[in-house]
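Before any comments, here is the structure.
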Amino acid sequence: MKLISKIATTVCSITIALIAQTSASIAQVQAPDPVNLTEQLTIKIDNLGDATWEMVQNMTQSQWENFKGSQLMNDPSIAKRNLERSLSTYVIEDFNRTVDEMNRSFTMTFKVKAMAQYNGSGNWTFKLDSKNPQVSKLADNSYMMTSNMYIGNALTQQTYKIYFPDGASNIQQTTDSFGKAIFTYSRGGGLLSYFSWNNILGVLLIAAAIVIVVRQQKSAPPQPKIA
Amino acid sequence: MKKYLLPIILAVAGVVLLILPMFQSSGEIDVKIQPATVIMPAAYKVYANPNVAGGRYNLFKAVVKNTGAGEIKNFKVQFRVPGLIDNWADVPTATNLLPGQTAVVTCFPVFPQSITERNTSSKEKTEIKFLYGGQANPTEHDESFTFDMTSVNDIVFTNMADQDKAGFNDMAENRDIYACMVSAEDPIIKHYAETVQQKILCGEQGAGVGGNGQITDKDLAEKVRVMQGVYNATLISRMVYSETQTSVTQFGDNTSSTEHIRLPREVVSGNTGLCIELAILHASVYKAAGLDPVIFLIPGHAYPGIKVGNQYVAIESTGIGGVGLGSIMNADQALQSGMNELKTFYQEASKGNPAYKLLDINELYAQGYQDMELKPDPILAGEADKITQTWPVCLLSAIAEAQKAAPAARRTAYAPRPRNNNDNNRPSSSGWTSYSLSNVSVSYPADWKVLFRPVAQFPAIVMMAVSADKTGMVELYNVPGAYNPEQAAAYIRTSLARMGENVTYSEAGNYNGFTRFNGTTYNGQATLKWVGFFKNSNSGVEGVVVGTPGGGNNAVLNQIVGSIQ
């Protein structure tokens, strides 16, 4: 879960750091809030191994007061920059954050390129890079993990949901050579890999040729008998 | 035959389509490279470690996309830096790429140790090969870029592009790399540290932590003695403070200050150093002596210290003097000065001032900011030896003897007693002393042991005084930003809970303008019963907690409570 938690921790740290940075500057009017944070993280892996992240964080009124002065609220471009620099080995795209002021929550979404690796023959690997994560299966292509961690001074409760791409099969949680947890799954490859446009069209053309020949032979008039 | 023309054409077209991929390349790649613009040899171990700073210190990041129609197989990325890494080295990456798929390839180069011998800057070139396809149709895509290699002494303050910079942290984001220069394993520094232990400290006293993991007074005193010994070593060497060069350089799209830092071995042999150089030297010797070194960075200055349990001790290493610095401090004065600076550091750091930064060397080592491997240098070692040979034997013993003869002149160095403007925190002649915050003051027996900021992670505890038999205790709290005493108490309870202490309390009315709380704190071993008195100050809430784990002198405790104002 390290890879995921690395991103999650960075995201959360940035979130909290941004809150903290602001709260530090307004520390004279607002005390740090001891109440825990709760976060829901959804990771959807697409057909090419890219992952769309969605993080929803609900806050107490006091946390919300601090958040209102944060960079993430007021200057999301800095938040995006810090996220990118904290995760320099990744490519992050489509960063977006929306704020639900009525419910004291915000949602942050972004896409991380190449989170799952393709090994050929339809086999994919999605590294968790952690030993013995607590993972439970939600459905055929979705799993859930939970964790609690201190980020800064805040005890943060995190719930991750991982969705593998449609058509993914044989999803297994296993370990790599170093004993670290990984997900492996199958998608594409095998017979399916032959269903490219040129193969389909080629087969159709040959089939059409055969059909035409057969029909022509069936519809050919009988030869007149010579007495 | 004519009637078979159409099916023949269709069949041939179909076969062509089926065998078309055999004549195509396996795919095409689009490559975008984000190169490093500058590499600092001092941090060569950092560049090899993808876990440092989220992988920010890399040689290049390549984003490779398969833009072709077919799958790319046997994908491989190799690089070399002629003159430094001569053989082509693999960069870990995915082996296959589907059409449209992207791979992110980040290179963390393992530079040879010889990179630390670079004393001048240079331009270097990185060559990259992207290889894919089978034996029948191998494909190679080549890229290259140049970058600046600084000398081993140079610290480039930031790698951030000018267009992205916003504040102080962005201008000085590489400060953690100072830790790479803390070179306790340098043979010259190891020998220097041993000579300090032998000649200045006359051996150490073998203090250690107590059985329950707590730092004993003896241990703290011994660690402070080592710090003062290192300071005295620089003092009696007639080492002086001196400036070094700082320049502003353009590295690609990044304009950054570059500071030329003399390594600890150069400071010792040259017998001169800038504040950061002296701080790095002190930290190196502390580490070699088994202490837990830290460096405090503040605007325009740096000074060393150590972490002892939850406390920090600091010393002003530039007290050795030099032109423009004023008078020379003795070791006690340097320690006093460092501790005074520490108070400002706490205040500014707790406000979130980014210019005040603590470098915890062991913590940074654990994160991957590891020290350079430095080879023996007979010339520098000889110069250092010439200086250490002038040291007297058992210097601190002589000082201690002198101090015994004049006990009034001694100070409790590791717990300097701060004074405010009206100096009412001084010990009184009546055997009691007092301590004041902006809006709260309390008196307590003058012989109680005083700790300032006793819990480094929880600066709200400003001061703690404990009786010699540990049956009485008074603490002063300052919770900036709290609206009222109730909120401050809740914050303190939560903060202590995170450190494993269970606090329960109830409000017990008002007392002399304070809100009173009665409570207990259980730390897993003992239960402390206490009364707390809190009230609003100009910047938040301040308060006093008086308590006993049992067996406390009630008369004394009541007198303390009665003194709270």
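Side-chain atoms are counted along with the backbone in the values below, which use heavy atoms only and exclude waters and symmetry mates. Sequence lines set the chain letters: A, B, ... in the order given, protein chains first and strands last, and positions in each chain run from 1.
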Between [X] and [Y] (salt bridge meaning N to carboxylate O under 4.0 Å), is one present in this structure?
X: B/Asp176; Y: B/Lys357; answer: yes
X: B/Glu173; Y: B/Arg56; answer: yes
X: B/Lys351; Y: B/Glu348; answer: yes

Give, as side chain, backbone, both or neither, the part of [X] having an atom under 4.5 angstrom from any heavy atom of chain A.
X: B/Leu6; answer: side chain
X: B/Lys165; answer: backbone
X: B/Pro354; answer: neither
X: B/Ala13; answer: both
X: B/Phe108; answer: side chain
X: B/Asp170; answer: side chain
X: B/Val104; answer: both
X: B/Gln34; answer: neither

Do the ring planes of [X] and [Y] sit parallel (below 30°), tilted (30 to 60°) or perpendicular (above 60°)?
X: B/Phe60; Y: B/Phe79; answer: perpendicular
X: B/Tyr356; Y: B/Phe345; answer: perpendicular
X: A/Phe164; Y: A/Phe183; answer: perpendicular

I'd like to know if the side chain of B/Asn49 pairs up with that of B/Tyr369 as donor and acceptor (distance under 3.5 Å, no hydrogens or angles considered).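 No, B/Tyr369 and B/Asn49 have no side-chain donor paired with an acceptor closer than 3.5 Å.
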Taking atom types as modelled, find out whether B/Gln163 and B/Asp253 have a side-chain donor-acceptor pair closer than 3.5 angstrom. no
Most chain B-contacting option - heavy-atom pairs closer than 4.5 Å, from A/Ile206, A/Asn47, A/Leu204, A/Asp46: A/Ile206
Pick from B/Pro99, B/Ala94, B/Ala488 with the largest number of heavy-atom pairs that fall under 4.5 Å of chain A: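 Ranked by contacts with chain A, first place is B/Ala94.
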For chain A, which candidate among B/Thr95, B/Val105, B/Leu98 shows the most heavy-atom pairs at distances under 4.5 Å? B/Leu98
A/Arg81 portion near chain B, given a 4.5 angstrom heavy-atom threshold: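 The side chain, not the backbone.
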